[in-house]
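First the structure, in the form of structure tokens, and then the observations on it.
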Amino acid sequence: MVLSALFLAFLSTPIGGASTRSTVQPFKVDLARGVPHLQTLVKNTNLPTEPLYPDAGPDFGLDLATLREWQTQWVNGYDWATQEAELNEFAQFTTTIGDQTVHFIHEESQDKNAVPLLLLHGWPGTIAEFLPIIKPLTQSWTDPTTGKNISFNLVVPSIPGFPFSSLPPQNWTNVQFAGLFNTLMTDVLGYSKYALHGTDWGGAIGYNMYESFNTSVRAASFALIPFLPPSPQDIADNNITLNALENVALQRATDWLTLDQGYFQEQTFKPNDIGLALYDNPVGQLAWIGTDFVRWSDPRAGTGPSTLNSTTILNIITLFYLSGTFQSSVWQYARNPNPFRTDYTKPATDAPMWFSFFEYNNLFWPQEYVAKVGNLIAYKEHDFGGHFPGLDNPPAFIEDLREMGLYFAANE
Ligand SMILES: *[C@@H]1O[C@H](CO)[C@@H](O)[C@H](O)[C@H]1NC(C)=O
Ligand SMILES: *[C@@H]1O[C@H](CO)[C@@H](O)[C@H](O)[C@H]1NC(C)=O
Ligand SMILES: *[C@@H]1O[C@H](CO)[C@@H](O)[C@H](O)[C@H]1NC(C)=O
Ligand SMILES: *[C@@H]1O[C@H](CO)[C@@H](O)[C@H](O)[C@H]1NC(C)=O
Ligand SMILES: *[C@@H]1O[C@H](CO)[C@@H](O)[C@H](O)[C@H]1NC(C)=O
């Protein structure tokens with residue numbers, strides 16, 4: 001199942017000296033052997049020449065012309081080796097925690113006071129969701145108002161079931177992932193206190209860490225919280241007035257909760273059906289996943305600060321396909337069938353929390369709601385970007401994380 005196990009380098013390197021209990025192995029992405037088969041499949045996949053209903057629109061799923069363009073690029077204008085080399089510019093490792101193999105990027109700053117920061121991806125994001133922000137965050141940056149410097153040691157793990165980490169047991173939920181990642185940060189890497197950011201499933205896992213590990217998680221930032229977003233009626237009943245950006249976000253969230261539940265129900269109830277149907281069908285995986293990158297990102301994707309374009313999407317699908325993890329990633333939904341809590345309560349932690357709002361995200365929580373579930377220091381609003389801030393608007397996302405980092409550095 002997990003092809004990546006074949007590609008581990010079995011060179012054991014302890015990190016952090018004698019006190020370290022676990023060891024880590026350096027890891028390089030090496031999936032090139034699957035590429036010829038992938039190319040044959042992509043090239044030989046027939047798609048209709050004309051859409052069934054040309055006026056159906058995006059509410060009915062991906063547009064045929066877009067999928068055909070992507071297929072053409074995958075055959076004629078795409079090079080896996082380039083992508084693999086880019087991934088391998090990041091220092092990557094695997095470690096064993098219990099029975100799980102956990103893959104992670106660990107990029108350290110030159111600065112000995114750097115803030116440890118855990119970044120948690122979602123579906124269908126993978127670690128590739130964060131690539132544009134990792135290196136800039138390791139660099140020292142001087143806050144122009146205070147003259148203080150900030151930089152980070154980044155840890156970016158792959159959720160079990162996603163490319164390069166192992167398959168989790170069927171009965172594991174985000175609670176076990178939260179424990180796994182806290183162990184990674186503290187016991188394996190020796191960061192007794194750290195900050196984290198989570199989005200999508202990473203937001204749910206990160207939130208669990210925020211409430212469960214109040215001595216080690218000393219700052220948390222989210223772009224998604226695992227609480228059922230309020231309806232327009234709830235918001236009105238609470239006398240909350242929204243600005244123009246928030247009204248756009250509310251409409252998008254309402255659309256997601258009504259029109260976009262197809263994939264969610266499928267993956268929650270029948271992960272094997274879609275997982276097996278598309279197991280050896282890369283163009284099928286592209287259609288299934290690609291539609292979400294289009295729907296959930298900023299409509300201006302690929303322009304301005306956004307680095308999310310067709311190449312990014314092909315990179316992520318190629319990663320899923322070549323690592324054989326499409327099916328196991330989809331199982332994340334089945335293993336966590338009710339991710340949104342309805343009871344908005346404060347967890348037992350005094351650690352501060354930040355929230356990054358991006359206008360074109362597919363889910364929306366007004367500041368008043370976010371403030372109920374943590375010690376909210378700031379609710380940062382951005383008029384560019386969507387569900388994938390590390391791709392949709394890296395500069396704004398970096399700014400938000402540095403704000404959290406400065407606070408962490410001053411208080412921990
Ligand atoms: C911040 O970093 C700059 C450049 O690395 C350095 O010149 C400066 O002394 C640092 N400031 C503080 C307050 O450490
Ligand atoms: C999962 O199932 C195994 C085998 O029945 C059991 O030992 C384990 O405690 C379960 N884990 C969780 C998190 O429920
Ligand atoms: C909203 O405003 C109305 C009218 O001023 C008031 O009766 C109601 O109690 C308010 N609701 C909340 C939740 O504050
Ligand atoms: C997508 O953006 C990257 C840079 O972020 C660029 O190298 C690549 O050529 C772009 N792809 C397309 C199809 O425009
Ligand atoms: C941290 O969690 C422990 C339980 O693990 C709890 O007793 C303690 O009160 C919590 N601290 C804060 C500040 O809420």
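Just so you know, ligand 1 is whichever comes first in the structure, and atom 1 is the first atom listed for that ligand. Residues: numbered from 1 along the sequence shown.
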Does an N or O from N238, backbone or side chain, lie closer than 3.5 Å to an N or O of ligand 3?
no
Could you tell me whether W172 and ligand 2 have an N or O pair separated by under 3.5 Å?
no
Whether over 12 other heavy atoms sit under 6.0 Å from Q265 CD
yes
Can you tell me how far the OH atom of Y321 sits from the CG atom of L41, to the nearest 0.5 Å?
4.5 Å
Any chance you could lay out the salt bridge (charged side-chain N to carboxylate O under 4.0 Å, His left out) test for D343 and R341, step after step, and finish with the verdict?
CA-CA 6 Å; D343 197 11; R341 311 175 193 185; over 6 Å; no
Could you tell me whether atom 4 (C) of ligand 4 has a protein heavy atom closer than 4.0 Å?
no
Is it true that the side chains of N272 and W331 contain a donor and an acceptor less than 3.5 Å apart?
yes
Nearest non-hydrogen protein atom, atom 6 (C) of ligand 2
N171 ND2, 4.1 Å
Under 4.0 Å from atom 13 (C) of ligand 2, is there at least one protein heavy atom?
yes
Quick test of your reading of the structure: of T311, L314, N315, whose heavy atom lies closest to atom 9 (O) of ligand 4?
T311
Mark yes or no for whether Y360, through its side chain, and D383, through its backbone, hold a donor-acceptor pair below 3.5 Å.
no
Could you give me the CA-CA distance, side-chain angles and deciding distance for N315 and T318, then say whether side chain to side chain donor-acceptor pair (under 3.5 Å) is met?
CA-CA 5 Å; N315 284 342; T318 305; 5.8 Å; no
Using a 4.0 Å cut-off to any heavy atom of N239, which atoms of ligand 3 qualify?
1 (C), 2 (O), 3 (C), 8 (C), 10 (C), 11 (N), 12 (C), 14 (O)
Which of the atoms of ligand 4 are close to N309, meaning less than 4.0 Å from one of its heavy atoms?
1 (C), 2 (O), 3 (C), 8 (C), 10 (C), 11 (N), 12 (C), 14 (O)
Kindly say whether the aromatic ring centers of Y407 and W354 come within a distance under 6.0 Å.
yes
Where ligand 4 meets S310 - atom numbers and elements under 4.0 angstrom, heavy-atom basis:
13 (C)
